[in-house]
Student: 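Okay, handing you the structure first.
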Amino acid sequence: MIALPTNGGIFLYAKPTDMRKSFSGLAGIVRNELGKTPNDGSLFLFINRRQDKLKALYWDRDGMAVWYKSLEQGTFERIRQDGEASVKLDAADLAMLLGGISIENAKRRKRLKAA
């Protein structure tokens with residue numbers, strides 16, 4: 001079992017990504033297009049044009065790590081927000097995305113949020 005970090009932010013890049021990109025290419029997208037620092041403890045997700053492949057980039061204590069998943073059938077959901085380069089997710093959203101559950105159609109019950 002690989003534990004992906006969820007204590008920092010989780011950001012899904014909104015545009016299709018070339019899956020040939022590795023550490024430097026994905027970190028460049030994070031810096032240049034998202035305006036974030038790749039080694040700040042956040043998890044950055046990238047989906048290809050056909051939506052059947054996903055890469056996760058994150059800082060793993062002493063270096064960058066890339067996690068890659070390729071689906072045999074089906075697709076990942078690419079969530080879009082008007083004009084935004086990325087969508088901020090939480091751990092539950094990440095679990096739904098990886099599990100094939102539609103995040104946009106999921107109904108959330110009201111919860112108290114800490115200020």
Side-chain angles (χ1 to χ4, degrees):
M1 168 70 82
I2 296 175
L4 293 174
T6 57
N7 53 345
I10 303 171
F11 299 94
L12 175 63
Y13 184 56
K15 297 178 186 174
T17 305
D18 182 353
M19 287 294 122
R20 295 174 292 183
K21 290 186 184 293
S22 189
F23 300 96
S24 298
L26 296 174
I29 291 173
V30 170
R31 279 190 202 93
N32 301 330
E33 297 193 34
L34 301 181
K36 301 195 181 302
T37 307
N39 59 354
D40 70 355
S42 296
L43 177 67
F44 301 96
L45 305 171
F46 305 90
I47 299 175
N48 68 335
R49 186 173 307 281
R50 289 181 23 202
Q51 295 178 236
D52 62 346
K53 293 176 177 51
L54 179 139
K55 278 192 177 181
L57 176 74
Y58 59 98
W59 182 260
D60 185 30
R61 290 180 292 173
D62 57 357
M64 297 299 291
V66 172
W67 183 82
Y68 185 54
K69 182 166 183 168
S70 178
L71 296 176
E72 292 294 321
Q73 290 182 340
T75 59
F76 291 106
E77 179 180 18
R78 185 179 292 116
I79 305 161
R80 299 169 199 234
Q81 289 182 345
D82 298 325
E84 295 294 321
S86 68
V87 177
K88 187 166 174 47
L89 305 177
D90 60 20
D93 293 333
L94 176 60
M96 287 190 290
L97 177 72
L98 295 175
I101 299 168
S102 175
I103 297 168
E104 291 183 343
N105 294 331
K107 185 176 181 183
R108 293 185 180 262
R109 296 187 180 273
K110 188 175 180 177
R111 297 282 190 255
L112 178 67
K113 292 187 180 183

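What you see is a predicted model; the values in this text were computed from it and never measured.
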Student: Can you tell me if Lys15 has over 12 outside heavy atoms packed within less than 6.0 Å of its NZ?
Tutor: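 Not more than 12 within 6.0 Å, no.
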Student: To the nearest 0.5 Å, how far apart are CG in Leu54 and CZ in Phe76?
Tutor: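 The CG atom of Leu54 sits 4.5 Å away from the CZ atom of Phe76.
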Student: Could you state the interatomic distance from CG (Asn39) to OH (Tyr58), rounded to the nearest 0.5 Å?
Tutor: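 It is 14.5 Å, given to the nearest 0.5 Å.
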Student: Please round to the nearest 0.5 Å and tell me the distance separating atom CG of Asp52 and atom CD of Glu72.
Tutor: 9.5 Å
Student: Which pair of heavy atoms, one from Lys55 and one from Leu26, lies closest together, and at what distance?
Tutor: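 Scanning both residues completely, I find the closest heavy atoms to be CD-CD1, 3.9 Å.
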Student: Measure the CD1-CG distance between Ile101 and Asp93 for me, rounded to the nearest 0.5 Å.
Tutor: 10.5 Å
Student: Regarding Lys36 and the six-membered ring of Phe11, is the cationic atom NZ or CZ under 6.0 Å from the ring centre and inside 45° of its axis?
Tutor: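 Ring-cation test returns yes.
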Student: Show the numbers, then the answer: is there a side-chain contact (heavy atoms from CB on, under 4.5 Å) between Leu12 and Ile79?
Tutor: CA-CA 8 Å; Leu12 175 63; Ile79 305 161; 4.3 Å; yes
Student: Between Leu89 and Leu43, does the side-chain contact (heavy atoms from CB on, under 4.5 Å) criterion hold? Intermediate values first, please.
Tutor: CA-CA 10 Å; Leu89 305 177; Leu43 177 67; over 6 Å; no
Student: For residues Phe46 and Val30, determine if any side-chain heavy atom of one lies less than 4.5 Å from a side-chain heavy atom of the other.
Tutor: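 They are in side-chain contact.
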Student: Show your reasoning for whether side-chain contact (heavy atoms from CB on, under 4.5 Å) applies to Leu97 and Leu45.
Tutor: CA-CA 10 Å; Leu97 177 72; Leu45 305 171; 3.9 Å; yes
Student: Return each pair, listed once, that meets side-chain hydrogen bond (donor to acceptor under 3.5 Å, both in side chains) where at least one residue sits in residues 21-33; pairs must be two or more places apart or across chains.
Tutor: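 Counting only pairs at least two positions apart or across chains, the side-chain hydrogen bond (donor to acceptor under 3.5 Å, both in side chains) contacts touching residues 21-33 are Tyr13-Glu33.
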Student: Kindly indicate whether the side chain of Met64, heavy atoms from C-beta on, has any atom under 4.5 Å from the side chain of Val66.
Tutor: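 A side-chain contact under 4.5 Å is absent here.
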Student: Could you tell me the separation between the CD1 atom of Ile47 and the NZ atom of Lys53, rounded to the nearest 0.5 Å?
Tutor: 12.5 Å
Student: Is the backbone N or O of Gly63 less than 3.5 Å from a side-chain atom of Asp60, with the two atoms forming a donor-acceptor pair by type?
Tutor: no
Student: Flag the pair Ile29 / Leu57 as yes when at least one side-chain heavy-atom distance between them is below 4.5 Å, and no otherwise.
Tutor: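 Ile29 does not reach Leu57 side chain to side chain.
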Student: Counting distance only, does the side-chain N/O of Arg50 pair as donor-acceptor with the main-chain N or O of Thr75 below 3.5 Å?
Tutor: no
